[in-house]
There are 2 protein chains.
Amino acid sequence: MEVLTTEQKIINAANKIFSLKGFAATKTREIAEEAGINLALLNYYFGSKENLFKIVVKEKFKMLIEVMAPILSDTTIPLRDKVESITNNYTQLLLENEELPIFVLNEWSVNKEMFAEITLNARKIAQPVIENQLKESGLELSVADFITNILGLIMFPFVAKQLIISSGLIKEEEFITFVTERKDKIIAWILK
Amino acid sequence: MEVLTTEQKIINAANKIFSLKGFAATKTREIAEEAGINLALLNYYFGSKENLFKIVVKEKFKMLIEVMAPILSDTTIPLRDKVESITNNYTQLLLENEELPIFVLNEWSVNKEMFAEITLNARKIAQPVIENQLKESGLELSVADFITNILGLIMFPFVAKQLIISSGLIKEEEFITFVTERKDKIIAWILK
DNA sequence: GTCTATATTGTGATAGAC
DNA sequence: GTCTATCACAATATAGAC
């Protein structure tokens, strides 16, 4: 039985509510209630709703980046294996955090200023490595297209989940099977 | 010089602000100001912020669906041509409404209840047609994967635009070229 | 560190004159 | 149909006791 600090309880609750509702629709009272703490403590620890939000978003964002960056920039991993492990890792991560991609992408587009400070030197390290590997494997694909296609094929089902389900293309209870079975196919689609 | 009715001015302003900020972050006063009308008129014409939002979202949503549905369900168009015209039409639509996909997909996932009434019999009509054409063309692809892949490959660059740009994968001013050049590639990727 | 109570400002909505 | 003025309350934030 783990004992959480008040600070951690607030972070956990904020994580949940912000992800579910977005920044503007989330009330600090709701976070306090979810965390089982007094509203005043939220401001005592984090100063403001906006500051708490930034912390949560950065954490979520880090989750997304950390799946890709180290794998992509590793020169010893063959391209095929990179696609495979990114696909597997992301699918797993997203199944455990279904609201993660739409939350991050939306808040990013609505709230550009907040993300200005988050920079990606990850890309700078990975780009030449991938460029090389794409050339070697004979795939006529730019790095931008390669990344966009992998992420798009993996993440889009989660981003568009409600659309896919209410259209009846697949049923709610089939969703896990749907994205799980896509994993192997994605590797084939990307690598032709 | 076109003269707009007050009602239309409000719709246009609401379209713009809601798309930019989402439902919760949008203030009715801001819509009124953007429309150049009095705040009270917003409620006079539309009753409530929520009702106005529903109208806007349904309109946006219709834009997205109308691009696909008639093409997909047409039995006389070969699969190859369907992919081509959907790719072209969507890319054009999204270039003119860059915020459209993230807005619709996010509001849909955050605000499921609001969309409950919007049903898709479009899918019911298109599904058997596409299923048949996929089989005939020898592509081992389910309808769900086919739709998900087309939409993902076309829409994801717009959904993840901020991520792609701040990573430095492509520059802001290269974005139009990037998605335009993807059009031809997408046809090849989908049809193997 | 944690609480109660309250200050202060938003913000959606409406009453009622014109 | 359109405006001004205002209500009613929701929500962030803080002061100050314990």
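Naming convention: chains lettered A, B, ... in sequence-line order (proteins, then strands); numbering from 1 in each chain.
- Read 5' to 3', the first and last nucleotides of DNA chain C with an atom closer than 4.0 Å to a heavy atom of chain B are C:dT11 to C:dT14.
- As a whole-Å value, the separation of A:L42 CG from D:dT14 C1' is 13 Å.
- For the pair A:N38 CG and D:dT14 C1', the computed distance is 12 Å after rounding to whole Å.
- The cationic group of B:K49 lies under 6.0 Å from the six-membered ring centre of B:F23 and within 45° of the ring axis, placing it in a cation-pi geometry.
- Between A:A40 and B:G36, the residue anchored nearer the 5' end of DNA chain D, judged by the nucleotide with its closest heavy atom, is B:G36.
- Atom CD of A:E174 has more than 12 heavy atoms from other residues, nucleotides or ligands within 6.0 Å.
- With the 3.5 Å cutoff on both pairing distances, Watson-Crick and G-U pairs in DNA chain D assemble into runs of at least 3 at C:1-9 with D:10-18, C:11-18 with D:1-8.
- Within a 6.0 Å sphere centred on CD1 of B:I176, heavy atoms belonging to other residues, nucleotides or ligands number 12 at most.
- In this structure, B:E172 pairs ionically with B:K161, as a charged nitrogen and a carboxylate oxygen lie closer than 4.0 Å.
- Around the CD1 atom of B:I125, the shell of radius 6.0 Å holds more than 12 heavy atoms that belong to other residues, nucleotides or ligands.
- Residue pairs meeting the salt bridge (charged side-chain N to carboxylate O under 4.0 Å, His left out) criterion with at least one member in residues 126-149 of chain A, sequence neighbours excluded, are A:D145-B:R182, A:D145-B:K185.
- In this structure, A:T26 reaches the sugar-phosphate backbone alone: every heavy-atom distance under 4.0 Å involves primed, P, OP1 or OP2 atoms, never a base.
- Following rounding to the nearest Å, B:R29 (CZ) and D:dA5 (P) show an atom-to-atom distance of 13 Å.
- Heavy atoms of A:Y44 sit under 4.0 angstrom from at least one base atom.
- The nearest whole Å value for the distance from the OH atom in A:Y45 to the C1' atom in D:dA13 is 17 Å.
- Looking at B:E59 and B:I11, their side chains come closer than 4.5 Å, going by heavy atoms from C-beta outward.
- Salt bridge present: A:E30 and A:K21 bring a charged side-chain N and a carboxylate O closer than 4.0 Å.
- A 4.5 Å side-chain heavy-atom check between B:F103 and A:V110 finds every atom pair outside the cut-off.
- Rounding to whole angstrom units, CD of residue A:E30 and P of D:dA10 are separated by 14 Å.
- If you measure from atom NZ of B:K27 to atom C1' of D:dA11, you get 11 Å, rounded to the nearest angstrom.
- C:dG12 takes the anti form, because its glycosidic angle lies more than 90° either side of 0.
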